[in-house]
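A short worksheet on the structure shown next.
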There are 2 protein chains.
Amino acid sequence: MSDHHHDHHHDTAALTKNQSLVMGQLSSANGPLSAYTILDRLREHGFRAPLQVYRALDKLVEFGMVHRLESLNAFVACRQPGCDTHETIAFTICETCGQVAELSDPELADHLKALAAATGFVLKKSTVELRGLCRACGRA
Amino acid sequence: MSDHHHDHHHDTAALTKNQSLVMGQLSSANGPLSAYTILDRLREHGFRAPLQVYRALDKLVEFGMVHRLESLNAFVACRQPGCDTHETIAFTICETCGQVAELSDPELADHLKALAAATGFVLKKSTVELRGLCRACGRA
DNA sequence: TTGGTAATGTTATATGATTACACAATTGCG
DNA sequence: CGCAATTGTGTAATCATATAACATTACCAA
Ligand SMILES: [Zn+2]
Ligand SMILES: [Zn+2]
Ligand SMILES: [Zn+2]
Ligand SMILES: [Zn+2]
C-alpha cells in the first residue's frame, strides 16, 4: 500500500458520481431516508433503478459515511466526527419527529462485549437503536 | 372455559386458533422464522395470506411471547422465563448457525437509559441485537 | 335479542432488496 | 502504448417483507 490515505478515511472527492449523489441526499436530509425515497429524489439526475441506490449505499456504509438503521429499514448520514474509531454506536430515534442522533460510548461497547462473552459469544457487530422522544418532543 | 383470566399473563389456552398455530411454529423452530416462512408452513392448516400471520404475530409480540428481530426481519419465540419483567433485552445472533439467545441485564437497561437521558432523550424501547459467533461456532 | 368488539378471510397493493446479465470506465502493469 | 483485471454502471426481472381496504364471522355482554 502506498502512503496516500485510502485506508479508512474517505473524502467526498473520492466518491463516484452515483455515490456522491446518494451521499448528497443523505447529507442534506435532516433525518434518515429509505433507499426508495433516495431513488425518487434522484430520478431527475438520471437514476432509474433501486440497484443504483443500493450499490452506492453499500459503499457508503462500507466507508463509514452512512449508517443503516435496522429498525427503520433506512439510512442516515454519519454526523459523528471520528465515528469509525468507535466500535459500537447507539442511535436514538425520536418517534415523533424522526430525528436520529448518534451516541458513542466506550463503556457501552465494553458492557455489551462482556455480556456476550459471558455466554461464550464472540461479538462482531452491535446494533443498538433506542426509540423514544427527543429532548424537544419530550417537552411537549 | 367459564374461568377466563385475560390479565397480562397469557397461556397458550388463551390464544386464538391462528395465534396458536403461529406460536406452535415458532416454538418448535430452533431459530427465528420470517413471516413468510411461517405462512408457507401453515398453508396445509388453511393459511392463505400474509395478514393471517402478521396479525397473529402482532398479538404474540404484544403478549410478550414472541420477539421481533429487527436486523433479520424475523420473529422468534421467547425462551426467557419472566422475560416481560425486564425492560431491556439483548439478543445474540450467530452468523453461522442462526441461533438466537436472549440476554437480560438490568445494568444494561440502566446504562442505555442513562446514556439516552444525557442527551435529553426519553427512552421507550431498546433494540439491542448482537451479531457474531455463538460458543459452538466460535470454537471452529 | 341486539349491538359492540375482536378475529378472520381475501384481494390487491405498497415497500424493501436482490439476481442476472450486458456494457463502460478505470486502474495497473509489461 | 496495449491489454487484462477490476470496479462502476444501466436495465429488467424477480424475490421478500409488510400493509390497506373491505367483507364476513365468532363471541361476549347489556
Ligand atoms: Zn457515525
Ligand atoms: Zn423529536
Ligand atoms: Zn423474551
Ligand atoms: Zn452458531
Side-chain angles (χ1 to χ4, degrees), chain A residues 1-4 6 10 12-26 31-63 65-76 98 127 129, chain B residues 1-8 10 12-26 32-63 65-76 98 127 129:
Chain A
M1 318 300 174
S2 58
D3 57 359
H4 57 270
H6 259 196
H10 287 261
T12 33
L15 298 180
T16 68
K17 180 177 162 238
N18 284 2
Q19 288 162 11
S20 290
L21 287 167
V22 170
M23 193 64 210
Q25 288 300 317
L26 287 171
L33 298 177
S34 77
Y36 276 72
T37 299
I38 294 171
L39 173 58
D40 285 340
R41 295 187 182 179
L42 289 177
R43 286 197 189 276
E44 60 195 75
H45 293 271
F47 274 46
R48 309 290 309 272
L51 206 49
Q52 296 174 289
V53 177
Y54 281 110
R55 286 198 277 227
L57 286 171
D58 282 350
K59 286 297 184 184
L60 294 171
V61 168
E62 184 185 322
F63 298 159
M65 301 173 70
V66 166
H67 300 294
R68 177 190 168 86
L69 298 171
E70 302 287 354
S71 65
L72 295 179
N73 292 326
F75 301 82
V76 68
T127 296
E129 299 180 9
Chain B
M1 312 293 187
S2 54
D3 168 16
H4 62 301
H5 42 21
H6 38 55
D7 298 320
H8 10 280
H10 289 260
T12 33
L15 298 179
T16 68
K17 178 175 161 243
N18 286 2
Q19 289 161 11
S20 291
L21 287 167
V22 170
M23 192 66 211
Q25 289 299 318
L26 287 171
L33 299 177
S34 76
Y36 277 74
T37 299
I38 295 170
L39 173 58
D40 285 340
R41 296 187 182 178
L42 289 178
R43 285 196 190 278
E44 59 194 73
H45 292 273
F47 275 46
R48 309 290 308 270
L51 256 195
Q52 295 174 289
V53 177
Y54 282 109
R55 288 200 276 229
L57 285 172
D58 282 349
K59 286 297 184 183
L60 294 171
V61 169
E62 184 186 322
F63 299 158
M65 300 172 70
V66 167
H67 299 293
R68 177 189 171 87
L69 298 172
E70 301 287 356
S71 64
L72 296 178
N73 290 327
F75 301 82
V76 68
T127 296
E129 299 180 11

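All values below come from the heavy atoms of this structure, side chains included, with hydrogens, waters and symmetry mates left out. Proteins get letters first, then strands, A, B, ... in listed order; numbering begins at 1 in each.
- Read 5' to 3', the first and last nucleotides of DNA chain C with an atom closer than 4.0 Å to a heavy atom of chain B are C/dA7 to C/dT11.
- Atoms NZ (B/Lys17) and P (D/dC27) sit 12 Å apart, rounded to a whole Å.
- Atom P of nucleotide D/dA26 and atom CD of B/Gln19 are separated by 17 Å, given to the nearest angstrom.
- Using a 4.0 Å cut-off, no side-chain N or O of A/Gln52 falls inside it from OP1 or OP2 of D/dT9.
- Side-chain contact check for A/Glu129 versus A/Glu70: some heavy-atom pair is nearer than 4.5 Å.
- Residues B/Leu15 and B/Leu60 have side chains in contact (heavy-atom distance under 4.5 Å, counting atoms from C-beta outward).
- Under the rule for a side chain to side chain contact (heavy atoms under 4.5 Å, CB included), the partners of B/Arg55 that lie at least two apart in sequence or sit in another chain are B/Leu51.
- Residues B/Asn18 and B/Val22 form no side-chain contact, since every pair of their non-hydrogen atoms from C-beta on lies 4.5 Å or further apart.
- Where B/Asn18 and A/Ala74 each meet DNA chain C at their nearest nucleotide, the meeting point lying more 5' is that of B/Asn18.
- At a threshold of 4.5 Å between non-hydrogen side-chain atoms, the residues A/Lys17 and A/Leu21 count as touching.
- A straight line from OH of B/Tyr54 to P of D/dT19 spans 7 Å, rounded to a whole angstrom.
- At least one side-chain heavy atom of B/Leu26 sits under 4.5 Å from a side-chain heavy atom of B/Ile38.
- Counting heavy atoms from C-beta on, the side chains of B/Arg41 and B/Phe47 never come closer than 4.5 Å.
- The CG atom of B/Leu51 sits 12 Å away from the C1' atom of D/dC22 (whole-angstrom rounding).
- As rounded to whole Å, 12 Å separates atom P of D/dT9 from atom CG of A/Asp58.
- Atom CG in B/Asp40 sits about 13 Å away from atom C1' in D/dT17, given to the nearest Å.
- Note on B/Tyr36: every side-chain N or O is 4.0 Å or more away from OP1 and OP2 of D/dT17.
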- Please step through side-chain contact (heavy atoms from CB on, under 4.5 Å) for the pair B/Phe75 and B/Leu69, ending with a clear verdict. CA-CA 6 Å; B/Phe75 301 82; B/Leu69 298 172; over 6 Å; no
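- Interface residues of residues 41-50 of chain A facing DNA chain D, ordered by number: A/Arg48, A/Ala49; criterion, heavy-atom separation under 4.0 Å.
- Rounded to an integer number of Å, the gap from A/Leu39 CG to D/dT11 P is 12 Å.
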